[in-house]
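The structure appears right after this line, and notes come after that.
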Amino acid sequence: MANTVLEQVGFIIGDWIPKEASIAVAADNRYIYYKAGVHDLSIKEGQPVSSGTIAARVAKEGSKVEMYVEEAVLGSAYYGIGYPITIDHRDAVLVITLPPDYVVGRKKPLAFLTGKQDDSWRPIPVERVSHIESSQKKTWFYADEDPYCSSHTLKNLKEQLPDYF
């Protein structure tokens, strides 16, 4: 049953990631699923997880890992992101790999922040925002000395603001 679920998840994730990407799942230090993209690392089900791979590092650290892996590790260099997951009550790893020169497109930065002041929401141009802070589990930004409460987290805003901010 786990293999059927993995195949379904692989096809669903495949709709969301670039066609160049490959999807690998490892558990108990072996790959249990692999769906090759255009950039095929030729991983086989049952193959042991090699040290130096993203899968090995995620399994060791138990947290998300994003890194570039040299050609010497698997025979082909790659860039990837790995996530710790649980399958059938056991620790596992999900890894999405891309060609080493793949550039992830960045979304266009926000031009406005929507903030609540009193009982109304207002769009405020980003260039008017002087600073942003997080206080009491809320994110506040300031424009012309006026405070506005944002529905975005500070971490989320960091990824969406223009580079000059």
Side-chain angles (χ1 to χ4, degrees), residues 1-110 113-114 126 132-141 149-165:
M1 179 171 139
N3 248 3
T4 305
V5 172
L6 284 175
E7 287 175 16
Q8 290 176 23
V9 170
F11 284 111
I12 292 168
I13 291 173
D15 284 344
W16 288 85
I17 62 173
K19 65 181 187 251
E20 294 87 358
S22 296
I23 303 166
V25 177
D28 301 324
N29 208 31
R30 294 202 174 278
Y31 289 99
I32 60 172
Y33 176 81
Y34 182 69
K35 181 177 188 263
V38 172
H39 186 70
D40 186 0
L41 296 174
S42 300
I43 293 172
K44 305 289 183 228
E45 289 182 24
Q47 176 180 330
V49 173
S50 302
S51 64
T53 62
I54 293 173
R57 189 162 158 205
V58 171
K60 179 180 178 185
E61 296 176 12
S63 60
K64 176 183 169 185
V65 171
E66 184 173 348
M67 64 186 246
Y68 172 82
V69 178
E70 297 288 335
E71 182 176 352
V73 177
L74 284 178
S76 180
Y78 68 94
Y79 168 79
I81 303 173
Y83 303 89
I85 60 173
T86 302
I87 298 175
D88 292 336
H89 307 290
R90 25 178 214 169
D91 292 336
V93 175
L94 167 68
V95 179
I96 309 296
T97 64
L98 291 160
D101 58 351
Y102 188 82
V103 177
V104 178
R106 186 172 180 207
K107 293 179 184 177
K108 187 176 178 183
L110 293 174
L113 291 180
T114 303
V126 170
I132 303 172
E133 68 181 4
S134 184
S135 175
Q136 298 177 350
K137 297 188 180 185
K138 292 188 179 190
T139 302
W140 297 87
F141 65 89
C149 185
S150 174
S151 60
H152 295 282
T153 64
L154 193 56
K155 181 179 179 181
N156 185 299
L157 285 175
K158 179 183 173 194
E159 301 296 322
Q160 297 183 59
L161 289 169
D163 290 336
Y164 66 82
F165 196 85

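For Ala56 against Ser51, the heavy-atom pair with the smallest separation is CB-CA, 4.1 Å. Of all heavy-atom pairs spanning Ser50 and Leu74, the tightest one is OG-CD2, 4.0 Å. Taking both residues in full, the closest heavy atoms of Ser42 and Asp40 are given as N-OD1, 2.7 Å, listed atom of the first, atom of the second, then distance.
Residue Asn29 places its CG atom among more than 12 non-hydrogen atoms of other residues, nucleotides or ligands, all under 6.0 Å distant.
One N or O on the side chain of Ser22 and one on the backbone of Gly37 form a donor-acceptor pair closer than 3.5 Å. Distance alone, capped at 3.5 Å, places no donor-acceptor pair between the Arg30 side chain and the Gln47 backbone. The main-chain N or O of Thr139 is never found under 3.5 Å from a side-chain atom of Ser150 such that the two would form a donor-acceptor pair.
Atoms NZ and CD1, on Lys35 and Ile96 in that order, are 10.0 Å from each other to the nearest 0.5 Å. In this structure, Leu113 CG and Leu161 CG are separated by 6.0 Å, a value rounded to the nearest 0.5 Å. To the nearest 0.5 Å, atom CD1 of residue Ile81 and atom CG of residue Leu98 are 7.5 Å apart. Expressed to the nearest 0.5 Å, how far CZ of Phe141 lies from SG of Cys149 amounts to 9.0 Å. Here the CD1-CD distance, from Ile32 to Glu45, works out to 8.5 Å after rounding to the nearest 0.5 Å. To the nearest 0.5 angstrom, Thr86 atom OG1 is 9.5 Å from His89 atom NE2.
For the pair Pro84 and Val93, the minimum side-chain heavy-atom distance is 4.5 Å or more. Contact annotation: the side chain of Tyr31 approaches that of Thr53 to within less than 4.5 Å [non-hydrogen atoms, C-beta and beyond]. Under the 4.5 Å side-chain criterion, counting only non-hydrogen atoms from C-beta, Val95 is not in contact with Val25. Under the 4.5 Å side-chain criterion, counting only non-hydrogen atoms from C-beta, Trp140 is not in contact with Ser134. Within the 4.5 Å cutoff, side-chain heavy atoms of Leu110 are placed close to those of Leu157. Counting heavy atoms from C-beta on, the side chains of Leu94 and Ile23 come closer than 4.5 Å.
Every residue two or more places apart in sequence or in another chain was checked for a ring-ring contact (aromatic ring centres under 6.0 Å, His included) with Tyr78, and none qualifies.
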Taking only distance into account, with no hydrogens and no angle test, what donor-acceptor pairs under 3.5 Å do side-chain atoms of residues 57-64 form with protein atoms, sequence neighbours excluded?
from: Arg57; atom 1: NE; to: Glu61; atom 2: OE2; distance (Å): 2.8

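The side chain to side chain donor-acceptor pair (under 3.5 Å) contacts involving residues 66-77 comprise Glu66-Tyr79, where partners must be two or more places apart or lie in separate chains.
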